[in-house]
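The model shown is predicted, which means the values in this text are computed figures rather than measured ones.
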Amino acid sequence: MRRYFGSLSFYRQALMIGIPVMLQSLIQSLVSLVDNFMVAGLGDVKMSGVSVVGQILFVFMVLSNAICAAGGIYMTQFSGAKDREGMRQALRFKIYMIGGFIVLYLMVCFAFPRQVLRLMVIGNAEAEAILDAGEEYMRLMGYMGVPFCVSVVLATSMREIGQVRAPLVISVIGTLVNTALNWVLIYGNLGAPRLEVRGAAYATLVARTVEMALYVAFVWRYPQPFLGKRGERMRTDWKLFGAILRRGWLMLFSEVLWVVSETVTTAVYNGRGGADVVSGMSAGWAIVNLLFVSFGGINTATAVIIGKTLGRGELDEARRQKDWMLSAAVVFGLFMTLTGGLVTLLTPVVFGDLSPVAQRICRDLVLLISLYMPPWVYSNVQFSVARAGGDTVMGAVVDGCVTLALVIPGILLLARWTDWGPVLMYGVLKLTDIVKIVVAYLWLRKEIWVKNLTAQEA
């Protein structure tokens, strides 16, 4: 048993890193749930408009986090090696890459919002009404881009060096601001005008701006090791930048493939009915995001613990930690399945204003996702182990091949040859994740990930 499970002190260390991250993710998921709860009171159509915009924002957030994760591979290992200059170069990689990416986001939000959103409701019986609500919301959400990117660069960098409490506190404050403004602006409480969908956008924008200001104020008051001295000229090590990019682009590629497949899949679901399907699936995802908080916590704990161990050159210890984290993933995944069964009770409470069809779709999706939690938590740890050692090829190959060969063709075939509802289609399609787990298991046994990157780049 000692081969598969570590000591209590090891898991205590993992929990000290993972729990604050999970709490931060839980708070953000609760914000999404509150947003959906308040917007649901406006009816299926307006909630659907917010939902399709949310899918585009989801793409932006996933890719922003992927950029930061690419730099984070080096940030964590340089932190373990106590190499401050290396940490600063990892931060600069994040800043340059995400700065270029945000230009594309702004173009989508301000120049082509309706054209992009139309791709998400092809075949929907109420497409035009949904687009009217969504376009207004998306233009306003464009202003969120810069505050979000500043926050995600600083938050991920702090977590990667083990500084997890400040991001948690800042998220709590942002959540309170967002929730309060939602209540005031969506329905016009406290004498404010009733702004409905626009009110939800304004609330999110203000909350993100407050978060950005708090992150900047915190790192100004408490200088972090990944920041240079005040007034110091920014010098970029382009050789190291290229090394990070060579490893990171494969991670970005796999994330792009994954998020494209999820977006295509969502677009297909949205065409299987009217606004009740879109709102029901959106409500379901708002609830299951409460379960997905486990991913961020266990991924961060795995990356920080194993990444720092590799950075110190303790390769055999990293091998043992890999087995310990994978075993913990199985236990934790089963716990999340039980939690998911209880979470279904939220459906009639939170989304009672939706149509009966939408509520049924929501409940069925939550139950399905609960059953998939054990393999998904395990798979997340597999990819985190590989990335901790700089092996980004595994994610690109495993995710890329399965997505291109099975997921995208599968959803198109199911849409063409069946009349299945969205939940059943999703459940069948996600059986392909078993293939990912098996291939990743065999790949990890090659131990390509067992590398001290700080020694290689020294």
Assess whether side-chain contact (heavy atoms from CB on, under 4.5 Å) is satisfied between Val385 and Val381, documenting all intermediate values. CA-CA 6 Å; Val385 169; Val381 173; 4.2 Å; yes

As an exercise, state the distance from CD1 of Ile161 to CZ of Phe78, rounded to the nearest 0.5 Å. 14.5 Å

Heavy atoms of other groups near Phe241 CZ, more than 12 under 6.0 Å: yes

Please round to the nearest 0.5 Å and tell me the distance separating atom CG of Asn380 and atom CD1 of Ile437. 9.5 Å

Compute the ring centroids of Phe60 and Phe148, then answer whether they are less than 6.0 Å apart. yes

Between Met158 and Pro167 the two heavy atoms that sit nearest each other are CE-CD, 3.8 Å

Main-chain N/O of Gly427 paired with Tyr372 side-chain donor or acceptor, under 3.5 Å: yes

Sidechain-backbone polar pair: Thr179 side chain, Leu176 backbone, donor-acceptor under 3.5 Å: no

One should read off an interatomic distance between Leu424 CG and Thr418 OG1, to the nearest 0.5 angstrom, of 7.5 Å

Could you tell me if Ser157 and Lys94 have a donor-acceptor pair between their side chains, going purely by distance under 3.5 Å? yes

Taking only residues two or more places apart in sequence, or in another chain, which ones meet Glu135 in a side chain to side chain donor-acceptor pair (under 3.5 Å)? Arg114, Arg139

Give the minimum heavy-atom separation between Val398 and Ala440, together with the two atoms involved. CG2-N, 4.4 Å

Drop me the distance from Met336's CE to Met373's CE, to the nearest 0.5 angstrom. 5.0 Å

Would you say Ser79's side chain and Met75's backbone share a donor-acceptor pair under 3.5 angstrom? no

At their closest point, which heavy atom of Gly134 faces which heavy atom of Val53, and how far apart are they? O-CG2, 3.2 Å

Is the Tyr222 ring parallel, tilted or perpendicular to the Phe218 ring (thresholds 30°, 60°)? tilted

Step through the shown structure and confirm whether more than 12 heavy atoms of other residues, nucleotides or ligands are within 6.0 Å of CH2 on Trp417. no

Output, in order, the C-alpha distance, side-chain angles, deciding distance and verdict of salt bridge (charged side-chain N to carboxylate O under 4.0 Å, His left out) for Arg198 and Glu196. CA-CA 6 Å; Arg198 285 185 297 133; Glu196 298 191 345; over 6 Å; no

Establish, yes or no, whether a centroid distance under 6.0 Å links the rings of Phe101 and Tyr105. no

How many angstroms lie between CZ in Phe110 and CE in Met138, if you round to the nearest 0.5 Å? 10.0 Å

Distance, nearest 0.5 Å, that separates CG of Leu413 from CZ of Arg416: 10.0 Å

